[in-house]
Amino acid sequence: MKVLITRKMPGDAVERLKDKYEVEINESDKILKKDELIKMVKGKDAILCFLTDMIDEDIIEAGKDLKVISNFAVGYDNIDVEAASSRGIPVTNTPGILTNATADLAWGLILATARKIAQGDKFVRKDRFEGWDPTLMVGSEVHGKTLGIVGMGKIGSAVARRSLGFDMEVLYHNRSRKKEVEEELDAKKVDLETLLKESDIVSLHVPLTDETEGMISWNELKMMKKSAFLINTARGEVVVEEALIEALKSEKIAGAGIDVYSDEPYGANPDYYSLDNVVLTPHLGSASHRARNGMADMAVDNLINILEGRDSDYVVNRDDL
Ligand code: GLV
């Protein structure tokens with residue numbers, strides 16, 4: 001059978017595919033353009049793709065022999081799952097293994113924004129540090145504040161769990177009630193408006209769907225405290241980026257920590273670059289050795305299991321096949 005891998009993979013999981021199948025890998029490691037993907041997917045039985053690949057209906061249509069689309073990511077908003085389902089193609093993802101790595105990064109951004117760590121780093125590198133200064137880069141303490149989690153899934157819960165060490169109150173907004181998290185962390189479920197009004201740090205952990213796209217816009221940002229920080233390690237499009245940039249410029253909120261961008265997979269919005277009150281990272285949520293190697297293993301396992309006629313626990317469109 002023939003397998004397409006759209007970029008280089010970390011670790012050696014790829015060897016397990018090479019042992020079994022005829023594998024084509026995009027060795028250039030550049031994001032494939034739509035016409036290149038269409039050409040390469042033809043005649044393939046499986047595709048192992050990344051969140052930088054927009055697997056739309058035309059690509060799925062070109063992949064007439066596809067038996068599985070294995071996404072190297074927990075999010076799968078890059079795939080037209082409906083188009084895959086209507087052709088009976090299972091789509092798989094890699095949840096769980098990247099939970100801690102992403103929660104750690106969210107906390108890195110919380111601390112970096114509140115305590116101006118990135119700003120301080122730039123300042124020292126520019127050789128501007130001339131000794132301790134009682135008024136230099138004074139930030140906000142995180143300890144004892146209120147953390148608002150939007151989307152209390154695996155990653156949201158892991159971010160909330162880390163707040164125990166900071167003696168924080170936890171509010172959350174989620175479609176369903178999470179009783180275990182409430183018991184474990186004394187977290188309170190509230191509506192989005194209450195969460196935005198009462199939290200000192202708002203951290204986003206929802207998947208990108210029609211429902212969550214643009215969920216944080218000017219109106220929502222206006223509801224936040226002037227002293228509050230917004231952290232986004234979910235997907236850029238959950239936030240209306242122009243509104244956030246305006247809110248940061250006009251100091252409607254105190255700052256933001258941003259790992260994901262609306263312009264992905266092609267980059268970040270340059271309007272952020274001149275702002276001191278935002279910390280920017282290049283979509284690093286799952287970028288730990290453990291998580292990335294584990295994601296590679298899971299994506300390969302998912303693909304092999306389906307091609308060999310077995311089941312996988314990580315089929316996201318099981319009910320629609
Ligand atoms: C990363 O953003 C992922 O969805 O795995």
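Counting starts at 1 for both ligands and their atoms, following the listed order.
Shown here are the side-chain contact (heavy atoms from CB on, under 4.5 Å) partners of Tyr266, two or more places apart in sequence or in another chain: there are none. Remark: Met223 pairs with Glu193, Leu196, Lys197 by the side-chain contact (heavy atoms from CB on, under 4.5 Å) rule, at least two apart or across chains.
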task = Start with the C-alpha distance between Asn219 and Ser217, add both sets of side-chain angles, then the distance that settles side chain to side chain donor-acceptor pair (under 3.5 Å), and finish with yes or no.
result = CA-CA 6 Å; Asn219 269 342; Ser217 182; over 6 Å; no
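Listed by chain and number, the hydrophobic cluster partners of Val124 are Phe123, Phe129, Leu136, Met137, where partners are ILVMFWY side chains within reach of under 4.5 Å, directly or through others.
Around ligand 1, the residues contributing at least one heavy atom under 4.0 Å from the ligand are Leu51, Ala73, Val74, Gly75, Leu98, Arg235, His283, Met295.
Taking a cutoff of 4.0 Å between a charged side-chain nitrogen and a carboxylate oxygen, Lys2 and Glu24 do not qualify as a salt bridge.
Donor-acceptor pairing under 3.5 Å is lacking for the side chains of Asp259 and Thr233.
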